Every structure is written in structure tokens, then in C-alpha cells.
Participant: 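Below are the C-alpha cells for one structure; questions will follow.
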Amino acid sequence: MTTRAMLRGFRGRSIASLASSNYRYISTLVLAEHEGGSIKASTVSAVEAAKSLSKNNSVSLLLAGAGAPLQEAAKHATSCHPSISQVLTADSDKLAYPLAEPWAKLVHLVQQKGSYTHIIATSSSFGKNILPRAAALLDVSPITDVIEISGSNHFVRPIYAGNALCTVRYTGSNPCMLTIRATSFPVHSIADSARSDAAPICQVDLSTFDEDAIDKSRYIKHSSDNTERPDLASARIVVTGGRGLKSAENFKMMEKLAEKLGAAVGATRAAVDAGFVPNDLQVGQTGKIVAPELYMAFGVSGAIQHIAGMRDSKVIVAVNKDEDAPIFQVADYGLVGDLFEVIPELLEKLPEKK
Amino acid sequence: MKIMVAIKRVVDYAVKIRVKSDKTGVETANVKMSMNPFCEIALEEALRIKEGGMASEVVAVSMGPQQCVDTLRTGLAMGADRGIHVDTRDALFPLSVAKLLKALVNVEKPQILILGKQAIDDDCNQTGQMVAGLLKWPQATFASKVVLDEQKKSVTVDREVDGGLETLCLDLPAVITTDLRLNQPRYATLPNIMKAKSKVIKKYTPKELNVEIKSDFEVVQVTEPPKRKAGVILSSVDDLIDKLKNEACVL
């Protein structure tokens with residue numbers, strides 16, 4: 001973006017908004033995801049991010065669904081983070097499944113009643129799908145995939161597959177809408193003492209909840225590989241296989257290694273495209289973003305788009321036959337060798353997981 | 001049935017980008033530009049639907065300065081029937097693009113609006129969702145499979161989501177955004193490149209479409225991400241395990 005365009009934007013702001021941005025009452029609506037009766041860890045990261053907006057921030061958690069699963073999740077929500085002031089529940093068959101059309105309309109409704117200064121969701125497939133649609137209904141530009149918050153309107157987000165970082169200042173009207181990267185807002189374990197009073201639960205009045213597009217989209221089904229592996233997006237250790245694994249059969253080695261380490265299994269786009277593993281294992285610019293303590297890449301060349309998904313890992317290990325593979329440029333420890341020899345050796349010599 | 005496809009001109013995916021030393025942005029002068037890969041996939045899907053006999057016309061739209069016309073010509077060479085260029089030198093953000101697309105949809109009245117899920121320059125992943133909201137159309141983002149039911153006037157879409165694959169059924173008209181595995185885009189053949197020269201590209205300005213381009217955020221700076229410190233190449237698995245246990249302390 002040119003400097004000229006930046007200045008053009010700046011001139012559009014009124015004096016009033018300039019003055020008021022120095023001291024603002026902040027209130028945040030966090031769009032929550034829940035599963036099996038509890039709030040997802042990624043949502044708790046969104047609450048953590050809300051904390052960074054301002055010391056004085058009233059955080060409301062919005063849950064939607066139908067019946068008992070919703071009520072159970074709401075109870076869990078009240079004490080999942082000390083910063084939550086209230087839990088809002090929207091109970092309707094139309095919201096039984098998190099579709100974008102009813103959810104965006106719900107956010108619009110809740111915003112009109114609550115006049116929040118900020119609305120946050122995690123940059124998961126839920127948040128990415130819903131928040132921009134809601135922003136359009138509220139006529140504001142959302143800022144997505146935020147990795148750093150410094151103040152109530154100053155955000156950093158990655159561009160060009162994370163090869164550049166863009167710092168933006170939001171100058172529009174309320175609400176300021178964000179999606180945040182969960183890996184950038186880790187939640188430190190919350191002491192039981194901090195949980196004190198559980199937040200109140202309020203039902204959202206859905207009597208005026210109606211919108212054309214709602215019945216035009218129908219959920220049919222969901223397919224996933226149910227494993228006991230830890231969740232890829234939040235695992236402490238991730239072992240990733242690339243095209244070098246050569247077959248779906250060989251990926252079983254990765255499973256064994258993951259089992260030994262208590263790790264999640266990831267994959268590159270090449271491995272998914274080749275049919276070795278399903279799409280939800282893909283780590284990369286347009287797949288999952290991970291930032292584990294240990295990331296081990298086997299038979300991964302290190303394309304820009306893959307690096308984008310794992311560059312924030314604390315320790316990166318790469319094993320590849322090709323010593324010129326770009327992955328070695330980001331690896332802390334590299335091993336130039338045949339993964340078909342290295343992995344069995346690791347399996348033999350690694351300590352059992354604690 | 002008409003399909004409209006939005007395509008964006010971006011820095012080519014293989015280019016190693018450089019951040020300008022004055023931190024105002026990324027260096028784009030003299031850098032290879034191409035059609036955004038996700039937009040290529042969107043256009044390819046529209047063309048396949050047309051070739052399957054379920055659409056009569058594919059219209060490609062691009063927005064920005066004059067160079068967008070090059071991207072449109074590539075789209076026409078791939079097989080789009082007509083092009084639309086929204087001519088503006090103003091910086092365009094997803095909200096503005098969504099408003100411009102809505103205005104064009106009201107003119108062209110397509111049954112499907114298909115876009116790439118994100119542009120590989122700003123990585124926003126917002127425009128499709130926003131225009132669907134403005135149009136009050138149902139949306140299916142991150143599509144990995146699209147099956148049209150002409151009779152029922154609906155489309156069944158498989159989406160790539162965090163937990164695997166989700167299947168939705170949408171009534172037309174609808175907005176779809178494409179993910180990587182939806183299809184493999186075709187290359188424009190030489191005869192088609194020649195044919196494309198005579199296809200029409202209509203020009204509009206935002207003013208003609210009654211859309212005011214306002215910006216509600218400013219770019220303060222563009223910087224490089226923190227560099228990782230250089231790593232080491234080890235010589236054995238024993239060495240690796242030792243380092244992970246005792247130096248990095250992650251095992």
C-alpha cells in the first residue's frame with residue numbers, strides 16, 4: 001500500500017474520533033466454539049487476546065447451539081477464564097450447526113443490543129468463515145489472523161505467507177472486528193483461585209432472529225478421521241511427513257513416532273495432494289498454523305508456503321536426504337540422511353514419553 | 001445460467017518477496033506478477049461447470065489499475081467469455097471489493113459468484129464471505145468439491161475445515177470460495193490466447209457503480225518477521241536425541 005493511500009485514509013478521520021481514541025471504554029464480544037459440552041481451547045486464546053486490548057475490558061462470550069449440549073458448554077464457559085464477565089447463549093435449531101448465515105445474523109443482533117467496541121473470534125475455520133460475513137453486515141473492515149495486539153486499535157498480522165508483517169491501526173467505527181491466531185495468544189494455566197465467581201449466563205432474545213439466507217444453506221455431513229492423537233493445532237510436539245514419505249503406508253511410521261513422543265501428526269500439501277493423508281493434517285499458509293515446542297519435519301523440502309505454517313515453532317528439526325533443501329534454513333537441528341533409516345533409529349533410541 | 005469469477009493480480013507465488021527499506025510495503029516493482037493461484041482454481045471450476053453444460057457464460061472480474069487487464073486477458077485465454085475491469089488506483093480492501101462485486105452482481109445477475117478463498121499477498125480470506133453477507137446469499141468457503149444440481153437449483157459443496165471435510169447444500173444464487181484441492185487449473189493454449197484478444201473487457205469506475213471507497217484502517221508499517229538464529233547440521237541420530245534432551249530441553 002502506498003504512503004499516499006495511507007495519508008488519504010488518515011485525512012478521513014474526524015477530530016472527535018481522534019480525541020476519543022485516547023481513552024475508551026472497551027467491551028469485547030468473543031465468538032465461542034464449543035464441542036462435547038466444553039469450550040474449545042482456541043476460544044480461550046481469543047479471551048486471552050481480548051485481555052491485550054485494554055486493562056479495563058468487559059468480555060462477553062457468545063455461544064450458540066441448541067438444547068442440552070449448549071447449556072452444558074455454557075456452564076463450562078462461565079469459569080474457563082477469569083476475564084469473562086458474562087456468557088451469552090443463543091439457543092435455536094437454526095444454530096444447531098455453526099453455519100455462517102445464521103451466525104453472522106446472530107452477531108449482528110447481539111451487537112445492536114450490546115454495542116461492543118470489539119468483536120473477536122479465533123482464526124479457525126469457524127472464525128474465518130463467519131467473522132468477515134458478520135463484519136460486512138456491520139459495514140466494517142475486519143482485521144484477520146492477528147498475531148500481536150498493542151492497545152485497542154493497533155494490530156500486527158502476517159502477509160505474504162508470513163514473510164512480512166503488517167502493522168495496522170484501525171480507524172473505523174465500532175465494532176473493531178478481529179480474528180486472532182490462537183498460537184500467538186497462549187493461555188497460561190489458570191489457578192483455581194482465579195476462577196472465583198462464575199460469570200452469569202444470559203439468554204439472547206431471538207424473537208427477532210430472522211434472515212433470508214438462513215434456510216438457504218443446509219448442513220449435510222462431516223467426515224473426519226477419529227484418532228487419539230493430540231490436536232494438531234495445540235500439540236506440544238508435531239511430527240510432519242512430506243512427499244519424501246512416498247506412500248500412505250509409510251505414513252504409519254509417522255504414526256508410530258508420534259505415538260512414542262505423544263505428538264500430533266502433520267503433513268505438507270504435497271503429501272495431502274498425493275493422497276497419503278487427509279486434508280486436516282496439512283500444515284501451511286492455507287492449512288493449519290502450528291507453533292509447538294518441537295516440530296520435526298521428515299522428507300519435507302521446505303517450500304515457502306509450508307514454512308508459513310510452522311516458523312513460530314520453538315525448536316525445528318529437519319531430516320532430509322537433500323542437503324540443499326530449504327527446510328535446513330529454518331531448522332535448529334538438521335540431519336542429512338534417509339528418513340527410512342532415521343525414523344526406525346529414532347523409534348529405537350527415543351525415551352518413552354513421560 | 002451465468003457464473004461470475006473474481007480474479008486478482010498478485011506477486012507470483014514462487015517469488016521471494018523483499019520488504020522495502022522504508023517499511024511502507026513489499027517490493028513489487030519489476031517483480032513477476034500472476035493470477036492469484038486460488039483465483040485460477042475458481043476460474044477453472046467455473047469453466048468446468050460451463051463445459052458440463054450447466055452454465056452459458058463465465059464472466060471474469062478484476063479490480064485495480066490498468067495492469068489488471070493483463071490478468072483478465074489470461075482469464076479470457078483460459079476460457080472466460082467476457083471480462084470486467086473496475087478501474088481504480090485507490091488501495092482496495094476486502095470491504096470495498098465486496099461492495100464493488102455486489103454492484104456488479106446487481107448488473108450481471110449471475111447465479112454463482114466464485115472466488116479464491118484468499119489472495120496470497122494479503123492472505124486476508126475475507127472477500128467471499130463479505131460479499132455473501134452483503135448479497136444475503138448463502139456461502140460455502142474453502143471448497144474442495146462442487147456439485148451442481150441444475151434441476152433443484154442448488155449446489156452441494158465439500159469444504160476443508162479444521163476437523164476434516166464438511167458437506168453443505170446451498171440454494172442458488174450462492175457464493176463459493178475455492179481451496180487448493182478443488183481442481184488443477186488448465187494452461188491457456190496458444191489458439192485460446194489468440195481468441196482472447198477479441199473478447200470484450202468492459203470498464204467501470206467505482207463512481208459509476210455508486211460505491212465509495214473508504215478505508216477504515218491504515219497501514220502503519222510493513223516489517224520483516226524476526227529471524228531465527230542459524231541452526232546446525234548434526235551427524236547422527238544419537239547426537240540429535242542428545243541435543244533435544246539436553247540442549248533444547250524439549251524431550
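Chain A is the first sequence line, chain B the second, and so forth, proteins listed ahead of strands; every chain is numbered from 1. Computed from a predicted structure; not experimentally measured.
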Participant: Relative to chain A, which segment of Leu234(B) carries a heavy atom at a distance below 4.5 Å: side chain, backbone, both, or neither?
Facilitator: both
Participant: At a heavy-atom separation under 4.5 Å, does Ser235(B) approach chain A through its side chain, its backbone, both, or neither?
Facilitator: backbone
Participant: Heavy-atom pairs under 4.5 Å with chain B are the metric here; pick the option from Asp273(A), Ile304(A), Ile237(A), Asp312(A) that has the most.
Facilitator: Asp273(A)
Participant: I'd like to know whether Thr171(A) forms a side-chain hydrogen bond (donor to acceptor under 3.5 Å, both in side chains) with Asp216(B), so could you lay out the CA-CA distance, the side-chain angles of the two residues, the decisive distance to 0.1 Å, and finally the verdict.
Facilitator: CA-CA 5 Å; Thr171(A) 55; Asp216(B) 42 3; over 6 Å; no
Participant: Please flag which part of Ile120(B) lies under 4.5 Å from any non-hydrogen atom of chain A: side chain, backbone, both or neither.
Facilitator: both
Participant: Side chains of Thr286(A) and Phe38(B): closer than 4.5 Å at any heavy-atom pair?
Facilitator: yes
Participant: Who wins among Leu99(A), Ile316(A), Ile143(A) for the most heavy-atom pairs under 4.5 Å with chain B?
Facilitator: Ile316(A)
Participant: Shorter than 4.5 Å, heavy atoms on both sides: which option in Asp238(B), Asp179(B), Val19(B) has the most such pairs with chain A?
Facilitator: Asp238(B)
Participant: Is it the side chain or the backbone of Tyr97(A) that comes within 4.5 Å of chain B heavy atoms, both, or neither?
Facilitator: side chain
Participant: Counting heavy-atom pairs closer than 4.5 Å to chain A, which one of Val222(B), Thr223(B), Leu170(B) comes out on top?
Facilitator: Thr223(B)
Participant: Side chain, backbone, both or neither: which part of Pro142(A) has a heavy atom under 4.5 Å from chain B?
Facilitator: both
Participant: For Val140(A), which atoms come within 4.5 Å of any heavy atom of chain B: side chain, backbone, both, or neither?
Facilitator: both
Participant: Side chain, backbone, both or neither: which part of Lys227(B) has a heavy atom under 4.5 Å from chain A?
Facilitator: neither
Participant: Which atoms of Ser236(B) come close to chain A, meaning under 4.5 Å heavy atom to heavy atom: side chain ones, backbone ones, both, or neither?
Facilitator: backbone
Participant: With a 4.5 angstrom heavy-atom cut-off, is it the side chain or the backbone of Ala132(B) that approaches chain A, or both, or neither?
Facilitator: both
Participant: Heavy-atom cut-off 4.5 Å, strictly under: side chain, backbone, both or neither for Arg269(A) against chain B?
Facilitator: both
Participant: Asp123(B) and Gln285(A): side-chain donor and acceptor closer than 3.5 Å?
Facilitator: yes
Participant: Sort by residue number and list every residue of residues 157-168 of chain B having at least one heavy atom under 4.5 Å from chain A.
Facilitator: Arg159(B), Glu160(B), Val161(B), Asp162(B), Gly163(B), Gly164(B), Leu165(B), Glu166(B), Thr167(B), Leu168(B)
Participant: In terms of heavy-atom proximity below 4.5 Å to chain A, should Leu172(B) be classed as side chain, backbone, both, or neither?
Facilitator: neither
Participant: Say whether, by atom type as modelled, one donor and one acceptor occur between the side chain of Arg133(A) and the main chain of Gln126(B) under 3.5 angstrom.
Facilitator: no
Participant: Among residues 139-146 of chain B, which ones touch chain A with a heavy-atom distance under 4.5 Å?
Facilitator: Gln139(B), Thr141(B), Phe142(B)
Participant: Please report the interatomic distance CG(Leu180(B)) to CG(Asn279(A)), rounded to the nearest 0.5 Å.
Facilitator: 10.0 Å
Participant: Measure distances from Asp231(A) to the heavy atoms of chain B and classify the residue's part below 4.5 Å as side chain, backbone, both or neither.
Facilitator: neither
Participant: Side chains of Tyr170(A) and Glu218(B): any donor to acceptor distance under 3.5 Å?
Facilitator: no
Participant: Measure distances from Tyr13(B) to the heavy atoms of chain A and classify the residue's part below 4.5 Å as side chain, backbone, both or neither.
Facilitator: both
Participant: So do the side chains of Leu244(B) and Leu294(A) get within less than 4.5 Å of each other, counting heavy atoms only?
Facilitator: yes
Participant: If you count heavy-atom pairs under 4.5 Å between each of Glu293(A), Gln329(A), Glu345(A) and chain B, which one has the most?
Facilitator: Glu345(A)
Participant: Starting at CD of Glu101(A), measure out to NZ of Lys136(B) and round the result to the nearest 0.5 Å.
Facilitator: 12.5 Å
Participant: Do the side chains of Trp137(B) and Lys216(A) get nearer than 4.5 Å, heavy atoms only?
Facilitator: no
Participant: Only pairs of heavy atoms separated by less than 4.5 Å count here; which of Val336(A), Val272(A), Leu131(A) has the most with chain B?
Facilitator: Val272(A)
Participant: Give, as side chain, backbone, both or neither, the part of Lys23(B) having an atom under 4.5 angstrom from any heavy atom of chain A.
Facilitator: neither
Participant: Heavy-atom cut-off 4.5 Å, strictly under: side chain, backbone, both or neither for His154(A) against chain B?
Facilitator: side chain
Participant: Looking only at atom types and distance, does a side-chain atom of Arg311(A) sit under 3.5 Å from a main-chain N or O of Pro225(B), one as donor and one as acceptor?
Facilitator: no
